Amino acid sequence: MKAVVIENNQVDFKDTDDPINKENQMLVSVISAGLNGADILQKRGGYPAMPPWPQHIPGLEVAGTVVAIGSAVENFVLGDLVMSLVGGGAQAELAVVEPEYALKIPKELDPTKAGGFCEIFFTAYDALINRADLKIGDDVLIVGAQGGVGTAAIQIANIYNCNITAMVRDLKFETELINLHADRVVTGLKEEKFDVILDLVTGPDLSSRISNLKTEGRYVVIGVGAGFKVDINLLKIMEKRARLTGATLRSRSKFEKQLLANQIQDRLLKFVKNGHIDVAVHKLYDFNQVQQAYADFENGGKLGKIILAN
Ligand SMILES: NC(=O)c1ccc[n+]([C@@H]2O[C@H](COP(=O)([O-])OP(=O)(O)OC[C@H]3O[C@@H](n4cnc5c(N)ncnc54)[C@H](OP(=O)(O)O)[C@@H]3O)[C@@H](O)[C@H]2O)c1
């Protein structure tokens with residue numbers, strides 16, 4: 001098969017060995033695979049895939065057609081269209097998928113977009129619902145709102161009828177973010193207060209943003225692109241009886257990912273089916289345009305996902 005291969009901190013779409021699924025795994029013919037910040041880190045030599053996932057082929061999420069099924073796999077048949085998180089190896093013509101946390105793609109979701117669904121919606125759902133205990137009508141701030149996870153989080157918070165403030169670096173995509181159901185788009189904060197802050201950027205401003213939490217507010221750190229070592233006045237956390245928490249997805253066990261996939265299946269996919277949830281796509285690239293796709297991601301200034309499609 002051909003796959004995106006990392007060599008000498010560069011990516012190339014080239015021939016490599018076919019992956020082989022074990023008896024408890026499936027093999028999919030890849031339709032699409034989303035790009036994520038983790039792929040950029042992996043290309044630069046950091047954030048390696050955890051063995052036995054492929055070390056040289058990036059990609060944490062995939063959509064494809066099942067073309068081989070291990071003898072111990074239940075609930076899927078050849079030809080099923082599935083989307084899934086994977087530990088690596090998604091950016092290829094063939095990829096191994098674990099059935100425990102694979103989802104059948106609803107017919108309402110374009111399979112070309114579905115390769116960009118899992119990483120952002122699993123992350124945003126877990127952060128808002130499991131970490132932040134999002135409540136109907138909460139005032140929610142999303143920092144770094146125009147990226148993949150941010151656009152997913154806006155849509156989930158909208159289902160909960162929240163009052164959503166989307167914080168961005170500039171207002172280039174203000175209209176698009178309002179169309180996704182953000183109530184306002186801002187580049188800075190004043191005295192406004194929030195029940196939930198989802199921080200996809202972090203850095204030194206985390207400290208002042210804690211002042212923007214309401215009493216009993218919840219602050220969730222999910223991305224640390226602007227820095228992960230910050231000074232915090234813990235008195236503010238105490239006074240507000242606030243909760244400061246965070247999460248990562250890739251390092252979770254199969255069982256933990258399965259629990260999350262079950263939540264997405266039971267509670268979120270119905271909103272895909274009724275049109276309230278979709279993947280915001282910045283741009284689709286052919287796999288053989290992989291260098292342009294990675295450069296586009298690294299340059300920033302996008303709305304939603306960049307997705308590679310075969
Ligand atoms: N913890 C987890 O499990 C998990 C899972 C998925 C993602 N992540 C991380 O969460 C973050 C968001 O993921 P994503 O998929 O949404 O990434 P993304 O699509 O690259 O979006 C990141 C967003 O953050 C903005 N941003 C970056 N640095 C900023 C800064 N200093 N000030 C203001 N805005 C800034 C970017 O704006 P510009 O476009 O203007 O640069 C972009 O809109 C990434 O750091 C990613 O690695 C974590």
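For clarity, every value in this text was computed on a predicted model and none was experimentally measured. First listed ligand is number 1; within each ligand, the first listed atom is number 1.
- A salt bridge does not link Lys2 to Asp12: none of the charged side-chain nitrogens sits closer than 4.0 Å to a carboxylate oxygen.
- Using modelled atom types, one finds no donor on one side chain facing an acceptor on the other under 3.5 Å when comparing Ser208 with Ser211.
- Here Lys254 pairs with Glu98, Glu100 under the salt bridge (charged side-chain N to carboxylate O under 4.0 Å, His left out) rule; sequence neighbours left out.
- Take Phe271 and apply the ring-ring contact (aromatic ring centres under 6.0 Å, His included) test, not counting sequence neighbours, and it matches no residue.
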Any protein N or O within less than 3.5 Å of an N or O in ligand 1? List each pair with its distance, or say none.
{"from": "ligand 1", "atom 1": "1 (N)", "to": "Ile222", "atom 2": "O", "distance (Å)": "3.0"}
{"from": "ligand 1", "atom 1": "1 (N)", "to": "Ala247", "atom 2": "O", "distance (Å)": "2.7"}
{"from": "ligand 1", "atom 1": "3 (O)", "to": "Leu249", "atom 2": "N", "distance (Å)": "2.9"}
{"from": "ligand 1", "atom 1": "16 (O)", "to": "Gly148", "atom 2": "N", "distance (Å)": "3.1"}
{"from": "ligand 1", "atom 1": "16 (O)", "to": "Val149", "atom 2": "N", "distance (Å)": "2.8"}
{"from": "ligand 1", "atom 1": "19 (O)", "to": "Gly148", "atom 2": "N", "distance (Å)": "2.9"}
{"from": "ligand 1", "atom 1": "19 (O)", "to": "Lys302", "atom 2": "NZ", "distance (Å)": "2.4"}
{"from": "ligand 1", "atom 1": "28 (N)", "to": "Arg169", "atom 2": "NH2", "distance (Å)": "3.4"}
{"from": "ligand 1", "atom 1": "31 (N)", "to": "Arg169", "atom 2": "NH1", "distance (Å)": "3.3"}
{"from": "ligand 1", "atom 1": "39 (O)", "to": "Gln146", "atom 2": "NE2", "distance (Å)": "3.4"}
{"from": "ligand 1", "atom 1": "39 (O)", "to": "Gly301", "atom 2": "N", "distance (Å)": "2.7"}
{"from": "ligand 1", "atom 1": "40 (O)", "to": "Arg169", "atom 2": "NE", "distance (Å)": "3.2"}
{"from": "ligand 1", "atom 1": "41 (O)", "to": "Arg169", "atom 2": "NH2", "distance (Å)": "2.7"}
{"from": "ligand 1", "atom 1": "43 (O)", "to": "Gly147", "atom 2": "N", "distance (Å)": "3.3"}

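- With 3.5 Å as the limit, one finds no donor-acceptor pair spanning the side chains of Arg131 and Thr245.
- With sequence neighbours left out, Tyr125 forms a ring-ring contact (aromatic ring centres under 6.0 Å, His included) with no residue at all.
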